[in-house]
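Labels below follow one simple rule: chain letters A, B, ... track the order of the sequence lines, proteins then strands, and each chain is numbered from 1. Side chains included, hydrogens not; waters and symmetry mates left out as well; all remaining heavy atoms used.
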Amino acid sequence: MWVAHDLAELPLAVEQMESNAVPLDSNASLVEKSLNGDAGAQRGLFDSLLPYLKSAVRRYIWSEDDVQDVLQEAFIRIFSNLHQFDASKGKVQTWATKIAVNAAITFGLKASKRSEQILSLAPEIQEPAVLDQLNAEALLSRLKALPREQYDVLILHAVDGYSHDEIAGLLNISSMTSRKRLSRAKQWIASRFHVEGSEMILKKNIDHETD
Amino acid sequence: MKRIEEILKSKLGGTKAEANPSMDDALWNKVESGLKGSLPAGGTAGHAIGRTWAVFGGVTLFAAGVGVGLMWDEKQFHDPVTQSIEATDVEEHVRAQSSSEAREPQSAATFSEAEGSSNSSNEVEPTLTDASHEHAPLTSSALNTLNNDRTETVEREPAVQTAMPAQPSADAGAPFHTQITEAPRSREGQPVLEPQSPFIPPLALNPIGISGDHNSAEPFLQHMNRNMPAHARHFAIRAFGGLTLSQFQYRTEDLRAFSNRFHTASSGGGGFAFDFEYKDQDWSVGLGWLDFAQRLEFEHTWQTEFTDPNGIVSVEIDQISGDTIAMETGPLLVTATHHRHVRDFNHISAIVIPMEWRKQVLFSSWTLGTGVGGQFLIRTGANGQSFVAEGTLARFDDADLPRQRISWSPTARVYAGYQFFPEWQLDFSVAAGFQPMGSMNREDLVNPLLTPWEGQLRTLQIAGGITHFFQASRKETNP
């Protein structure tokens, strides 16, 4: 009987896999002070995490009012469960981002007007005169033209680092469905963008058709 | 395709949104008010608040149980017959009352007559004196009647005697009897009744103080309150501790098949209980802390296939020398079998407030009894793993369980006690119960990998303990 070459690569359990290394975390001291009741540290932690969490939530929630609601819910969860954060398993920013993304996905699943959001919030894309670079905002705006279920899987997997099993649990789908949606999303991107070096460049011969 | 993911991660991951001070401040204010002061002022927030309320609730309920047990029966004190004898010495009228209680079925007519006569003419003493003379021998017979419930005759008189308030030396060693001193009389020869005092003397907890040659806490155990001074109440404080055994079963349909992966495990706990009598029934209320553990253990085997591009396809060996002559390599389909053994423990701990109704019998110094009731459980912590799919687990902790921390667990208990000293008893008990145990809804789970579940915890508590008996008596005080 042949034995698998690398058992460590095989999924043994669905757990949040965190790096074994202990990274330097500038927020670690703020976390400790926050747990001790330092109001200044609590506000400092909020200010430190807010830009990243806002950016993460905006990837999934496209109404600014809803973004504020989701951020409020996320920060309440973060501060309520701050005592559970284990600094040896990663940075607080990573942990907090995961909570914010979960809150955004949960909010999105409850939302009833997703299709309207896509149509109404798809921004005008100012196509650069020379299409050699797309900035983050423009890229994200373009990606929002994807079908919502493919978009969510693409961003969760490619940007926020969720595994297909984690995505399956979050979106209440199977991991096979998650893989299929990611594959379709990548095909959609490949049909519309050139990949040159580290940049994705919109293909010139693709019009701004509705998808 | 991989390139696309790398580009997306580099462009979109870790980006920072621009600051908007006014909106950010408004958001912070909302977050603060949403937390409603649960931001920690020292120590962890959720656990500190949860434990504080849990302890407060437990202590309140425990004190309420003590208060119910110590509740004074106002009616007896204001009974017309009792009123009429308050004029006499406190110790004396109490003996008369207790003896009248012993003869209650037989002397009801007598008392009603006395009541009528006392109301009309205030001539209490003659009636009472007659009753007392009748009661002395009858009291003994009443006591003998109660004796019939016991399998061993016990000398009651000394126990009863010493459980009563201090008596004049002339009564030392005498059988239980009634002594009535003459009430002060007016010039007309009518008894002068002092105004009824509304003041109720306070209770005092005293050890029973049974004499050395009698080692039974029978006054407490045999509802002797009826024969004892009216203001005497017997209580016991019991300390217990021991093992808890528990097993978990899923109730969620999709996860039911995994219930057999959870096995019984043991943990421990302990606490205190207050045993008292109320409405002629035995009750108990307590406060404690218990931890329940379940062992998650199973073996998981699965197979994977992969292609080894450089597998050994064939080998040609010289049959004489054993040397390898030729070897062919090529792609080979490999089937790998993986096997893992999982062993872990789930824990859930709680402050418990047990409450039960008890029924017991005495055999010499032994007590056997049963208790039926339940316990409030105020969850203080939980951690463990739960199934997501076949062979796949996800961790949970207290934050993934419902915010409603209080649950009710019906229990039934059997116990035995051995009284090794007049006021002390060793106890052993076994109690069985069950309680619900489930997770939050999917959208509220902190760990998004979990599959929400509902389940039931079946528990068994094996405890040993020690009981100390008390008697509460009202001290005579002047208003």
Side-chain angles (χ1 to χ4, degrees), chain A residues 1-5 7 10-16 34-37 39 42-43 46-47 50-52 54-55 58-59 68 71-72 75-77 79-84 99 102 106 109-110 134-136 139-140 154-155 157-161 165-166 169-170 172 186 189-190 195 198-200, chain B residues 1 3-19 23-24 26-28 30-32 34-35 38-47 304 306 308 311 332 334-338 340 342 385 388-389 391-395 397 399 442-451:
Chain A
M1 176 196 302
W2 286 95
V3 178
H5 284 251
L7 288 174
L10 297 169
L12 294 182
V14 178
E15 293 179 340
Q16 293 191 12
S34 297
L35 287 170
N36 290 330
Q42 290 162 0
R43 179 59 199 258
F46 170 84
D47 290 333
L50 182 61
Y52 298 100
K54 195 185 292 186
S55 175
R58 279 181 178 161
R59 290 198 281 271
Q68 295 297 312
L71 284 172
Q72 178 184 345
F75 272 108
I76 288 174
R77 287 192 198 179
F79 280 104
S80 296
N81 296 289
L82 199 59
H83 56 279
Q84 295 189 6
I99 293 177
N102 291 348
T106 305
L109 288 173
K110 291 178 184 174
L134 277 174
N135 60 22
L139 176 59
L140 197 63
L154 175 70
I155 299 299
H157 184 75
V159 179
D160 290 311
D165 289 326
E166 291 173 324
L170 196 57
N172 208 17
K186 288 182 184 175
I189 293 173
V195 176
S198 63
E199 301 294 339
M200 287 172 62
Chain B
M1 287 292 188
R3 198 91 185 91
I4 293 174
E5 292 183 32
E6 291 170 0
I7 294 171
L8 288 177
K9 184 160 181 72
S10 65
K11 278 188 170 290
L12 302 175
T15 54
K16 292 171 63 172
E18 68 286 354
M23 288 187 71
D24 294 347
L27 179 61
W28 173 246
K30 287 182 190 175
V31 170
E32 262 191 320
L35 288 168
S38 65
L39 284 172
T44 58
H47 281 178
T304 57
F306 65 94
D308 181 1
L332 274 182
V334 179
T335 301
T337 300
H338 313 276
R340 69 169 179 154
V342 174
Q385 296 193 68
V388 175
T392 307
L393 299 162
R395 286 216 161 268
D397 57 23
R442 181 178 292 278
E443 54 267 19
D444 296 323
L445 287 169
V446 174
N447 184 354
L449 308 173
L450 281 167
T451 296

Is any side-chain heavy atom of Asp47(A) closer than 4.5 Å to a side-chain heavy atom of Trp28(B)?
->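 No. Closest side-chain heavy atoms not under 4.5 Å.
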
Heavy-atom side-chain proximity of Thr392(B) to Asp165(A) below 4.5 angstrom =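 Not in contact.
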
Side chain to side chain contact (heavy atoms under 4.5 Å, CB included) involving Ala26(B) - partner list, sequence neighbours excluded =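 Ala26(B) satisfies side chain to side chain contact (heavy atoms under 4.5 Å, CB included) with no other residue.
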
Contacts of Leu445(B) that satisfy side chain to side chain contact (heavy atoms under 4.5 Å, CB included) - sequence neighbours left out =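 Result, side chain to side chain contact (heavy atoms under 4.5 Å, CB included) vs Leu445(B): Asp400(B), Ser439(B), Met440(B), Leu450(B), Pro452(B).
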
Keeping [X] on the side-chain end and [Y] on the backbone end, is there a donor-acceptor pair under 3.5 Å?
{"X": "Arg442(B)", "Y": "Asn172(A)", "value": "no"}
{"X": "Arg77(A)", "Y": "Asp444(B)", "value": "no"}
{"X": "Thr15(B)", "Y": "Ser55(A)", "value": "no"}
{"X": "Lys16(B)", "Y": "Tyr52(A)", "value": "no"}

[X] versus chain B, heavy atoms under 4.5 Å apart: side chain, backbone, both or neither?
{"X": "Leu154(A)", "answer": "side chain"}
{"X": "Leu50(A)", "answer": "side chain"}
{"X": "Thr106(A)", "answer": "side chain"}

Charged N-O contact under 4.0 Å between Glu18(B) and Arg58(A) |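 Answer for the salt bridge query: yes.
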
Shortest non-hydrogen contact from Val159(A) toward Leu8(B) =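 Distance-wise, the nearest heavy atoms are CG2-O, 4.0 Å.
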
